[in-house]
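What follows is a single structure, written as structure tokens, with notes after it.
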Amino acid sequence: MGTYEPDIDRCDCSTIHEEVVNDVREHMPDEDTLLDLADIFKVFSDSTRVKILCALFRAEMCVCDIAVLLGATKSSISHQLRILKQSKLVKYRKDGRVVYYSLADEHVKCIFDQGLIHVCEK
């Protein structure tokens, strides 16, 4: 790894590359979409939620099983699952009195897998 150059992030040019700026602006998602995307990434910022998602890749699970797996209380797991549901990352189904959770769709696994690939790069 090279030495840090504090001025490398500063741009001293006085020319605006208008065609580049206009092209990028044209292809940027709208503000509401970018805010929704930022919210999704915030959900991934909690290690307990990441562990829950990782567990649900393997199997549909109830709150009790997830709590035992992660060594957490049912209350704390329920709280995290509520956040994951609100973000549309997990879904649930009832079977009698038991509620089973699973991933909302394959996109969730793709997001997770891409992040994992990135952090495992050397």
Side-chain angles (χ1 to χ4, degrees):
M1 211 158 131
T3 37
Y4 176 68
E5 299 175 37
D7 292 335
I8 197 138
D9 294 330
R10 189 175 63 207
C11 181
D12 289 328
C13 70
S14 58
T15 304
I16 301 298
H17 302 92
E18 194 171 338
E19 57 283 342
V20 173
V21 172
N22 289 336
D23 179 62
V24 171
R25 181 179 288 127
E26 185 178 316
H27 291 92
M28 291 281 287
D30 64 62
E31 189 67 21
D32 288 340
T33 301
L34 291 173
L35 289 171
D36 289 344
L37 180 60
D39 286 342
I40 288 292
F41 285 119
K42 285 179 195 173
V43 173
F44 281 92
S45 70
D46 181 271
S47 64
T48 300
R49 290 191 291 263
V50 170
K51 290 174 186 176
I52 291 169
L53 290 172
C54 193
L56 296 178
F57 295 155
R58 186 77 182 151
E60 178 182 67
M61 298 177 78
C62 70
V63 173
C64 297
D65 291 342
I66 296 169
V68 168
L69 175 70
L70 301 183
T73 65
K74 290 187 284 187
S75 175
S76 68
I77 296 302
S78 291
H79 173 73
Q80 299 303 339
L81 284 166
R82 191 167 25 263
I83 293 169
L84 291 167
K85 277 191 307 189
Q86 289 170 345
S87 299
K88 300 177 184 159
L89 295 174
V90 300
K91 61 184 179 183
Y92 68 93
R93 71 173 181 86
K94 291 184 179 184
D95 185 7
R97 294 177 45 155
V98 181
V99 179
Y100 291 96
Y101 292 87
S102 61
L103 298 180
D105 57 42
E106 280 300 308
H107 295 115
V108 179
K109 184 145 177 35
C110 291
I111 295 166
F112 187 93
D113 287 345
Q114 288 300 307
L116 190 58
I117 288 167
H118 181 73
V119 299
C120 290
E121 286 179 343
K122 302 255 185 226

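Excluded from the calculations below are hydrogen atoms, water molecules and symmetry mates; all remaining heavy atoms, backbone and side chain alike, are included. Numbering starts at 1 and runs along the sequence shown.
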Is it the case that one hydrophobic cluster holds both [X] and [Y], taking links as side-chain heavy atoms less than 4.5 Å apart, direct or via other members?
X: Tyr100; Y: Leu69; result: no
X: Phe44; Y: Val119; result: yes
X: Val50; Y: Ile40; result: yes
X: Leu35; Y: Val43; result: no
X: Leu84; Y: Leu116; result: yes

Close side-chain approach of [X] and [Y], heavy atoms under 4.5 Å:
X: Val63; Y: Val99; value: no
X: Ile83; Y: Leu89; value: no
X: Val108; Y: Val90; value: no

**Q.** side-chain hydrogen bond (donor to acceptor under 3.5 Å, both in side chains) partners for Ser78, two or more places apart
**A.**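 By the side-chain hydrogen bond (donor to acceptor under 3.5 Å, both in side chains) rule, Ser78 matches no residue at all.
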
Q. Is the side chain of Asp30 donor-acceptor paired with the backbone N or O of Thr33 at a distance under 3.5 Å, no angle test?
A.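 Checked: pair present.
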
Q) If you look at every heavy atom in Pro29 and Leu34, which pair is closest and at what distance? A)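 Minimum heavy-atom contact is O-CD1, 3.6 Å.
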
Q | Minimum heavy-atom distance between Tyr101 and Leu56, given as atom pair plus value | A |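 That closest heavy-atom pairing would be O-CD2, 3.4 Å.
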
Q. Any salt bridge (Lys or Arg N to Asp or Glu O under 4.0 Å) pairs touching residues 39-63, not counting sequence neighbours?
A.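 Non-adjacent pairs meeting salt bridge (Lys or Arg N to Asp or Glu O under 4.0 Å): Asp39-Lys42, Glu60-Arg93.
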
Q. Tell me the salt bridge (Lys or Arg N to Asp or Glu O under 4.0 Å) pairs involving residues 73-90, sequence neighbours left out?
A.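 Residue pairs with at least one partner in residues 73-90: there are none.
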
Q | Spatial distance of atom CD1 (Ile77) from atom CD1 (Ile52) [nearest 0.5 Å] | A |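 These two atoms lie 4.0 Å from each other.
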
Q | Atom pair CG/CG of Asp32 and Leu37 - distance to nearest 0.5 Å | A |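 The distance works out to 12.5 Å.
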
Q: Provide the full list of side chain to side chain donor-acceptor pair (under 3.5 Å) pairs with a residue in residues 110-122, sequence neighbours left out, each pair given once.
A: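 Counting only pairs at least two positions apart or across chains, the side chain to side chain donor-acceptor pair (under 3.5 Å) contacts touching residues 110-122 are Lys109-Asp113.
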
Q.
Holding to ring-ring contact (aromatic ring centres under 6.0 Å, His included), I want the full list of residues that pass it with Phe57, two or more places apart in sequence or in another chain.
A.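 Result, ring-ring contact (aromatic ring centres under 6.0 Å, His included) vs Phe57: Phe112.
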
(Q) Run the side chain to side chain contact (heavy atoms under 4.5 Å, CB included) test against Val68 and tell me which residues pass, sequence neighbours left out. (A)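 For Val68, no residue satisfies side chain to side chain contact (heavy atoms under 4.5 Å, CB included) once neighbours in sequence are set aside.
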
